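Below, chain A is the first sequence line, B the second, and so on; all start at residue 1. Below, all heavy atoms of this structure are taken into account, side chains as well, without hydrogens, waters or symmetry copies. Predicted, not measured: the structure shown is a model, and the values here were computed from it.
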Number of protein chains: 2
Amino acid sequence: MRPSSAVADTSTRILDIAERLVQTRGFNAFSYANIAAALHVTTASLHYHFPTKGKLGERLIERYRTGFLAALDAIDATGADAVQKLRAYVGLYTDVLARNRMCLCGMLAADYETLPKPMRTELRRFFDANEVWLTRVLDTGRERDELTFAGSPVDAARVLVAALEGAMMLARSQGDPARLQSAADRMLAGLGVKPA
Amino acid sequence: MRPSSAVADTSTRILDIAERLVQTRGFNAFSYANIAAALHVTTASLHYHFPTKGKLGERLIERYRTGFLAALDAIDATGADAVQKLRAYVGLYTDVLARNRMCLCGMLAADYETLPKPMRTELRRFFDANEVWLTRVLDTGRERDELTFAGSPVDAARVLVAALEGAMMLARSQGDPARLQSAADRMLAGLGVKPA
DNA sequence: GTCTATAGGTGGATAGAC
DNA sequence: GTCTATCCACCTATAGAC
């Protein structure tokens, strides 16, 4: 999920910086000039790698989704039970906030109305994939009596994502990062996960 | 909560238009030119009423909070029980989305890092006041056995707000407004509110 | 791949006439 | 209160040299 510490190529470094800017400021509040300054190059140089801001945005979401899904695969690979998987899933969100960032796609969801169509499509893909994974974990977990909750797994998955995204935003603006973990604990409790 | 249908003075009309723009596009994606065009005046004229964009933003949040708190007072005035109050509270959010808007303060929470200090202060005030009301309803409701939930009322209030704000954003970007009500129903069920 | 230079547009904001 | 005119900073993007 985090950029490699090895020296990366220019495109990657551009994406790393742009990602941080979107995660903190939003898509409409950063510029090529911001990236150029951080990278000590000119804005013309950036356009060689990403012809338009929209294209840069598309690659940003695509890469974020890939990294996120890789993290979900890694959780699956541990062979943990549903409870442990959910705790690890929540950890992906708390880790982002711990680095003083918001979820890239949560930020872009707020910017949705102003995004070019291809970015909107990429954004939907992220939340769809996220939901698919979470729904499967919830469904399987309940079948195995590791989890307890009423209603459909997909609805439970959606409200969990919503609560995490919302809590992250509110935690920042209320100046209290601990509220994210607190919200997550409550949501997990509602799924039959006992306090750690 | 909605602008009066009677002819309003210029300052009010400016706020009405700016409010809609922020609720759909965010604070950094609207301009004085947008408002001027909608109002058929020049941007210079707008600066007479609101000297800076930051001051306009402050008044926007202040007015939104006042309207929101008035709506909460109206809910209290009905003398309804906690269950009915919570349903009415959720209705405030679904009404906003039904008008193709986001919560003004949810949008500004995403823009938080880029906001001038006075706007940040106003924003916190909104969520604090919101939380105080909701906490009281939850606390009283549980005392009277109208609600059932574990943990502190304030934590329950916070996660409910987070879920509603998050669900509103996701409902829009996933093109499925019904997800907000669905998320709300789930959250209320977790507070011991039986399906309507 | 990165640069200089620049285009063409939009941003928030102000001075001063009416 | 609203206008015209204008400032200057910033924006995304391109052309063409190196």
Separation of [N] [atom2] from [X] [atom1] (nearest whole Å):
X     : N      : atom1 : atom2 : value
B:Y32 : C:dG9  : OH    : P     : 25 Å
B:L56 : C:dA13 : CG    : C1'   : 14 Å
A:N28 : C:dG11 : CG    : P     : 12 Å
B:K55 : C:dA13 : NZ    : C1'   : 15 Å
B:I35 : D:dG1  : CD1   : C1'   : 17 Å
A:K53 : C:dG9  : NZ    : P     : 19 Å
B:H49 : C:dA13 : NE2   : P     : 15 Å
B:Y48 : C:dG12 : OH    : P     : 21 Å

| query | Are A:D155 and B:R186 close enough for a salt bridge, meaning some N to O gap below 4.0 Å? | reply |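 Result for this pair is no, no salt bridge flagged.
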| request: Using a strict 4.0 Å threshold on nitrogen-to-oxygen distance, state whether B:D16 and B:R63 make a salt bridge. | output: yes
| query | Is NZ or CZ of A:R142 both nearer than 6.0 Å to the six-membered ring centre of A:F149 and within 45° of the ring axis? | reply |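 Because its charged atom sits under 6.0 Å from the ring centre and within 45° of the axis, A:R142 does stack over A:F149.
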| task | Using the ring of A:Y112 (Phe, Tyr or Trp, six-membered ring only), decide whether A:R120 places NZ or CZ under 6.0 Å from its centre and within 45 degrees of its axis. | result | yes
| With sugar-phosphate meaning primed atoms plus P, OP1 and OP2, does B:T43 contact a base, only sugar-phosphate, or nothing at under 4.0 Å between heavy atoms? |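 Base contact.
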| message | Classify A:F50 by what it touches in the nucleic acid, base, sugar-phosphate, or nothing, heavy-atom distance under 4.0 Å. | response | nothing
Ignoring backbone atoms, establish whether [X] has a side-chain N or O less than 4.0 Å from OP1 or OP2 of [N].
X     : N      : result
A:S31 : D:dC11 : yes
A:T42 : C:dC3  : yes
B:S45 : D:dC3  : yes

| task | Hey, can you tell me if B:F68 and B:Y93 have their rings parallel, tilted or perpendicular (30° and 60° cut-offs)? | result |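 Taking B:Y93 first and then B:F68, their aromatic rings stand perpendicular (interplane angle over 60°).
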| request: Return the 5'-most residue of the pair A:A44, A:N34 with respect to DNA chain D, ranking by each residue's nearest nucleotide. | output: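 The answer here is A:N34.
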